[in-house]
Structure formats: structure tokens, C-alpha cells
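Below is one structure; the comments refer to it alone.
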Amino acid sequence: MRHDHLISAAQLSRSDIETVLDRAGEVANDLGASRDSHPGLVLGLCFFEPSTRTKMSFDAAAKRLGGSTIDMGSVESSSVTKGESLADTVRVIEGYADAIVLRHPSEGAAKLASEFVHVPVINAGDGAGQHPSQTLLDLYTIREEHGLDDLTVGIMGDLKYGRTVHSLASALANFEVRQHFISPESLRLPRSVRFDLHEAGAQVREHTDLEPVLSELDVLYVTRIQRERFPDETEYRAVAGEYQIDAETLAAGPDDLTVMHPLPRVDEIAPDVDETDHASYFQQAHNGVPVRMALLEMLLENHG
Ligand code: NCD
């Protein structure tokens with residue numbers, strides 16, 4: 001993998017993805033031991049939006065590589081409230097850190113930041129844009145469960161604002177994967193994402209109901225309705241609570257169906273699914289550590 005930054009899943013070729021996942025597999029086999037491949041590494045965590053998993057798993061990843069992290073803290077406690085621009089913030093942090101993990105509410109923020117600094121920038125979510133490191137751990141999880149070829153994946157929920165969906169769909173287009181998108185009409189995949197999938201020759205179908213495709217799926221990737229992205233609360237309320245699944249819904253599907261979710265969930269997966277063999281979302285979240293360890297190692301190796 002030869003990239004300076006990780007901004008979008010569209011950067012990743014099939015071979016890039018396989019290289020990171022293979023390395024993550026090696027890391028995962030020996031996660032208990034300290035890897036110490038990067039003693040002295042300082043990773044900058046710059047989160048302008050809330051995060052639990054992404055921030056903590058990058059934090060754990062840096063520490064398990066023998067390094068440490070520095071954290072900008074919440075926007076409210078940072079100089080952003082004094083009117084500092086994103087460009088200035090990251091130009092300062094590059095003097096403190098060997099790489100920057102950035103989450104920001106504006107689409108394009110990570111790309112912009114990467115143009116101002118010389119250390120690797122990892123996009124940890126830019127508004128409704130992209131979230132490529134999440135995609136790597138999603139692919140890792142899918143590969144562990146089913147392999148990555150000759151597969152049928154359903155992606156359901158908020159396909160319009162869900163950045164994990166945009167990244168995952170783009171990365172899956174590198175593999176022999178049939179992609180089914182299930183959402184209300186108002187939360188369909190954005191036109192630009194559909195266009196890119198078409199250009200990539202991906203096998204894509206769209207649905208408003210899960211039921212007709214459920215029996216064909218190997219993986220069902222469920223997403224949260226991204227309330228914070230809706231311009232209008234009444235629009236959110238019109239779709240909130242649609243597309244919920246429970247153990248009974250899944251009883252009509254294949255026995256080996258894998259249910260994934262980037263988390264946090266609200267009410268789209270009922271707690272009774274947790275007790276079934278379908279539930280893979282907690283393992284998926286745990287996979288974030290070895291995958292981000294592998295990713296950091298590879299970006300830092302490129303950076304020299
Ligand atoms: C996702 C995100 O932030 O885009 N969470 C995550 O990183 N695991 C999904 C979400 O917030 O719904």
C-alpha cells in the first residue's frame with residue numbers, strides 16, 4: 001500500500017485492502033503481546049465530533065504499537081471556539097504528532113487538512129462523506145466470516161448520510177460482491193455514490209424492503225439513521241424507527257447470515273439479536289484495534 005494519507009475508500013485497490021487485512025490478521029493473532037514496532041510514535045487525535053470506538057481504538061492501536069497519543073479534546077475545550085481554522089489547527093498538531101486522525105462534521109475536511117501538513121492524515125469521518133478505516137475493519141470482519149468473493153451483502157438504513165456506507169460500498173466494488181441497498185426512498189444512496197459504483201462495474205440493486213432480499217444475503221450491514229445530519233428534525237422523525245430488525249425478522253433469513261453495524265445503534269437492531277449467532281457487531285468493533293494497528297504501521301512505513 002503506497003499512500004501518504006487515507007482520505008477515501010476509493011483510494012484503496014483490492015491489493016491495498018488485502019495487504020492491510022493480511023497484516024491485521026497477523027497482528028490479531030498476537031494482540032496480547034506488545035508489538036512495539038513504533039516506540040516513540042505520537043498519534044494526534046483530532047475529533048471535532050463525538051466518537052467512542054474510532055477514537056479509543058486508534059488510541060489503543062497506537063499504544064499497542066509501543067507509541068502514545070495526544071488528544072485535542074472536545075471542540076468546546078479547544079482553540080476552535082476562539083475561531084481557529086482547521087488548517088491552522090492541523091498545522092500546529094503536525095509539529096506535535098507523527099500522524100493525525102481527524103474527524104470533522106464537514107465533508108472534505110480530511111482532504112483539506114491533508115493539503116496543509118506533511119504527516120499522514122487518516123480520515124476518521126468527514127460529515128456524510130467517508131470513513132475508510134471503519135471500512136477496513138468492516139471488510140476484515142466480513143472476510144473472517146465469509147471471505148470476500150462470491151458474496152451477497154445487504155446494506156440497510158441511512159444510506160444517504162451514512163459515511164460508513166459510502167466507504168464500504170466503494171471498497172466492496174473491488175470484489176465479486178452483489179450489493180443490495182435497502183432504505184426509504186428519502187435516504188437512498190447519494191447519486192454520486194451510485195455513479196461511482198456504476199463506473200466501477202459493481203453489481204448493485206436498491207430496495208425499500210428487506211424482506212424480498214433477506215434470504216439471499218450472506219451479510220446484513222445495518223446503520224443508524226444519522227439524526228445529526230438532517231437539516232430538519234421533522235424529516236428525521238418521518239423515517240426514525242423504520243427498518244428495525246429483531247430475532248424474529250432474522251429467523252426468516254439464512255442460518256449463517258452475519259449481522260453487522262458500525263455502532264452506535266439506537267433501536268435498529270433489537271437486543272434479542274445479540275443472543276443469536278448472527279450478531280457480529282461487537283466482534284466487528286473489537287477488530288478495529290488490529291486493523292488500525294496494521295493501517296498505522298503501513299502508513300508510517302510509507303512515510304519513512
Ligand atoms: C459511525 C460514524 O461515526 O460514522 N460510527 C463509527 O465510527 N463506528 C456510525 C454512526 O455514527 O452511526
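First listed ligand is number 1; within each ligand, the first listed atom is number 1.
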**OP:** Using salt bridge (charged side-chain N to carboxylate O under 4.0 Å, His left out) as the criterion, point out the one residue from Asp218, Asp149, Asp22 that pairs with Arg143.
**Re:** Asp22

Original post:
In the protein, what heavy atom is nearest to atom 11 (O) of ligand 1, and what distance, to one decimal place, separates them?
Top reply: Arg224 NH2, 2.9 Å

**OP:** Measure from the side-chain N and O atoms of Asp98 to the backbone N and O of Leu43, and report whether any donor-acceptor pair falls under 3.5 Å.
**Re:** no

**OP:** Output yes when Glu107 and Lys111 qualify as a salt bridge under the 4.0 Å nitrogen-oxygen rule, no when they do not.
**Re:** no

**OP:** Look at the aromatic rings of Tyr161 and Phe230 and report parallel, tilted or perpendicular, splitting at 30° and 60°.
**Re:** tilted

Original post:
N/O to N/O below 3.5 Å, does that happen between Gln226 and ligand 1?
Top reply: yes

Original post:
Crowded around Phe195 CZ? As in, over 12 foreign heavy atoms under 6.0 Å?
Top reply: no

**OP:** Identify the two heavy atoms, one from His118 and one from Glu94, that lie closest to each other, and give their separation to 0.1 Å.
**Re:** N-OE1, 2.7 Å

Subject >> For atom 4 (O) of ligand 1, closest protein heavy-atom neighbour >> reply: Arg163 NE, 2.7 Å

**OP:** Find all atoms of ligand 1 within a distance of less than 4.0 Å from any non-hydrogen atom belonging to Thr54, and give their numbers and elements.
**Re:** 6 (C), 7 (O)

Subject >> Top protein contact for atom 8 (N) of ligand 1, by heavy-atom distance >> reply: Pro262 O, 2.9 Å

**OP:** Indicate whether any N or O donor in one side chain lies under 3.5 Å from an N or O acceptor in the other, for Asp16 and His3.
**Re:** yes

Subject >> Proximal atoms of ligand 1 relative to Leu263 (non-hydrogen, under 4.0 Å) >> reply: 1 (C), 5 (N), 6 (C), 8 (N), 9 (C)

**OP:** List the closest protein heavy-atom neighbour of atom 7 (O) of ligand 1: residue, atom name, distance to the nearest 0.1 Å.
**Re:** His131 NE2, 2.8 Å

**OP:** Could you list the atoms of ligand 1 found under 4.0 angstrom from a heavy atom of Pro264?
**Re:** 10 (C), 11 (O)

**OP:** Check ligand 1 against Thr164 and write out every atom of the ligand that is under 4.0 Å from a heavy-atom position of the residue.
**Re:** 1 (C), 4 (O)

Original post:
Applying a 4.0 Å heavy-atom criterion (strictly less than), which segment of Gln134 is in contact with ligand 1: side chain, backbone, both, or neither?
Top reply: side chain

